[in-house]
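Please read these numbers as outputs of a predicted model, since none were measured by experiment. Lettering follows sequence order; numbering is per chain, from 1.
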Amino acid sequence: MTTAAFEMIETDVVIVGAGPVGLFAVFELGLLDIRAHVIDILPKPGGQCAELYPEKPIYDIPGFPVITGQGLVDNLLKQIEPFQPTFHLGQMVTELEALGTPEQPRFRVVTDAARELHCKAVVIAAGGGSFQPKKPPIAGIEAYEEHSVFYAVRRMEALRGRAVLIVGGGDSALDWTLNLQPVAQRVTLMHRRDEFRAAPHSVEKMRALVAQGAMDLRVGQVTGLKGADGWLSAAICRGPDGTVFEIPCDAMLPFFGLTMKLGPVAGWGLNLHENLIPVDTEKFEASTPGVFAIGDINTYPGKLKLILSGFHEAALAAQKAHRYVYPDRKLTFQYTTSSTKLQRKLGVA
Amino acid sequence: MTKITFVDYEGASRTVDAQDGSTVMENAVRNGVPGIEAECGGACACATCHVYVDEAWTEKVGAPSSMEEDMLDFAYDVRPNSRLSCQIKVRPELDGLVVRTPERQA
Ligand SMILES: Cc1cc2nc3c(=O)[nH]c(=O)nc-3n(C[C@H](O)[C@H](O)[C@H](O)COP(=O)(O)OP(=O)(O)OC[C@H]3O[C@@H](n4cnc5c(N)ncnc54)[C@H](O)[C@@H]3O)c2cc1C
Ligand code: FES
């Protein structure tokens, strides 16, 4: 692989995390003429609301007696539309480097997709951390993670001609089963039951391939692994009736959903307290001037991990961010109801 | 009060008093019972409150809903008596219930 040329972007503020709080920060910054780029490792915006509970009702969003997780995210996206934020999805922020001075900070933000952003302030809205694939607790699985066990597919070619075992019953498992079936030497899909959460049309396609003899479907769970020198030779499995059997394979892709891990945030030179970023309650600024932490990722006396608290934090952090982005401009307090200036920004006046 | 006994994977057991209407998970958390993480706080969205219902109790406790079945896909070492403890409501008939916690939550 050649090192991809870094794509350089210049903006006012970079928001790390596209959860509900990161999204609302776009709005509060936008009202103050501050342009934002938003980065999230997930392929879609919405953080926990979209990933963990899209269909579940939330009852404590002010002004909404009830709204679903996805409903809230859709509304927030609509609300921030006038400010045209740029999203960089499916990318992890790996580095945050402070340049400049405490009075006039500058930052360099780097993602794992070779994107480099330069900005005047950073808003960390990283929630419970970046979403990362869950690893099934199978003894010795780590030993195979370099050559044979993959939690995501970066390059399909790496699996060409291999005997691939895919484990899981959701969309990721089914999508990769269908994508890899023509590429792999043989694909086996294993799930703990003969029912799938995945989209019905993918399940139908998979069943058709099984009926044609073009792939295998096994019901069971992986309980152990066999192999040598980091290369898998078989998975040891248990069927629903307790019978133990082996599936020969040299690659395994377990899809057991996502979990939140603090991830790279820990290496950005910020003070941390039990994996949270301590902030003041006036500006929600971290130990590095110009870096703000809002939403589930921060901590302060009395902190409540609620969406509504994150919204409030976004509004106050934006006020201070304005000082860094426009050091010479004075901020006057305005209401969206009555200020034509604000309404023009929102595209309604 | 309804009594619930949690047995961990090494066989150590703890019995707690549970209020009817609360969930088995809530009683584990309130009493500091190890082996139950309950990351999502009982929303049936994390599968880290997985338990095995003692065979003598499976019928009384009942089967998981289809939403819970879907979530059980994310648990590890799922067995016919697997349940997510945040989805089991405590009721008087469950007095004496025994559940086992797995070695690890996924
Ligand atoms: C089941 C459930 C029910 C809930 N019910 C309620 C409720 O009723 N009311 C309520 O107020 N709250 C509720 N919450 C809590 C609420 O969802 C959180 O408070 C809220 O999601 C926090 O928003 P956030 O934007 O701070 O972070 P998150 O929603 O956690 O989003 C953070 C985002 O940052 C991304 N990220 C982190 N690090 C990086 C990185 N280095 N690079 C790229 N991306 C990164 C993550 O991938 C994630 O998408 C509930 C939570 C759960 C799980
Ligand atoms: S506590 Fe999360 S599923 Fe039960």
Side-chain angles (χ1 to χ4, degrees), chain A residues 47-59 68-69 127-129 131 133-139 141 167-174 189-198 219-224 236-242 254-261 296 304-306, chain B residues 8-10 21 23 25-26 29-30 32 34-55 58-59 61-89 100-106:
Chain A
Q48 296 175 44
C49 300
E51 181 59 35
L52 298 179
Y53 60 105
E55 321 254 287
K56 296 211 167 87
I58 312 174
Y59 299 100
T68 61
F131 276 102
K134 267 194 200 170
K135 298 182 179 184
I138 302 168
I141 193 165
V167 190
D171 283 315
S172 305
L174 269 286
L189 173 64
M190 167 134 82
H191 185 40
R192 70 173 186 94
R193 54 187 176 132
D194 196 16
E195 260 172 78
F196 295 85
R197 306 185 306 284
V219 176
Q221 297 174 79
V222 178
T223 56
I236 305 164
C237 312
R238 196 186 60 225
D241 55 358
F255 292 108
F256 283 88
L258 302 174
T259 182
M260 296 191 100
K261 291 254 164 63
D296 279 13
L304 289 179
K305 284 193 187 184
L306 287 178
Chain B
D8 70 20
Y9 77 102
E10 287 175 314
T23 68
M25 177 280 281
E26 286 167 337
V29 171
R30 201 175 300 141
I36 292 192
E37 289 169 18
E39 267 172 27
C40 79
C44 197
C46 73
T48 61
C49 63
H50 177 202
V51 296
Y52 304 114
V53 175
D54 185 275
E55 265 77 10
T58 46
E59 206 164 302
V61 170
S65 68
S66 72
M67 175 178 77
E68 185 182 335
E69 274 288 1
D70 281 356
M71 211 55 222
L72 274 168
D73 285 352
F74 297 110
Y76 182 65
D77 197 3
V78 179
R79 301 184 189 166
N81 57 337
S82 284
R83 288 289 314 262
L84 294 176
S85 57
C86 70
Q87 301 302 304
I88 309 175
K89 275 243 161 50
R100 284 164 219 285
T101 51
E103 182 174 351
R104 265 181 292 187
Q105 295 288 350

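- Chosen from B/Asp73, B/Asp77, B/Val78, the residue pairing most often with chain A at heavy-atom distances under 4.5 Å is B/Asp73.
- Separating the SG atom in B/Cys40 from the OH atom in A/Tyr53 is a distance of 10.5 Å, to the nearest 0.5 Å.
- The shortest heavy-atom contact between A/Phe256 and B/Phe74 is O-CD2, 3.1 Å.
- For the side-chain contact (heavy atoms from CB on, under 4.5 Å) with B/Glu69, the lone residue among A/Glu195, A/Arg197, A/Arg192 that qualifies is A/Arg192.
- In this structure, B/Ala45 and A/Lys56 approach most closely via the heavy-atom pair CB-NZ, 3.9 Å.
- Put simply, the side chain of A/Gln221 does not reach to within 4.5 Å of the side chain of B/Arg79, judged on heavy atoms.
- Residue with the most contacts toward chain B among A/Met260, A/Arg238, A/Arg193, A/Lys135: A/Arg193 (heavy-atom pairs, distance under 4.5 Å).
- Between A/Ile138 and B/Tyr76 the shortest side-chain heavy-atom distance falls below 4.5 Å.
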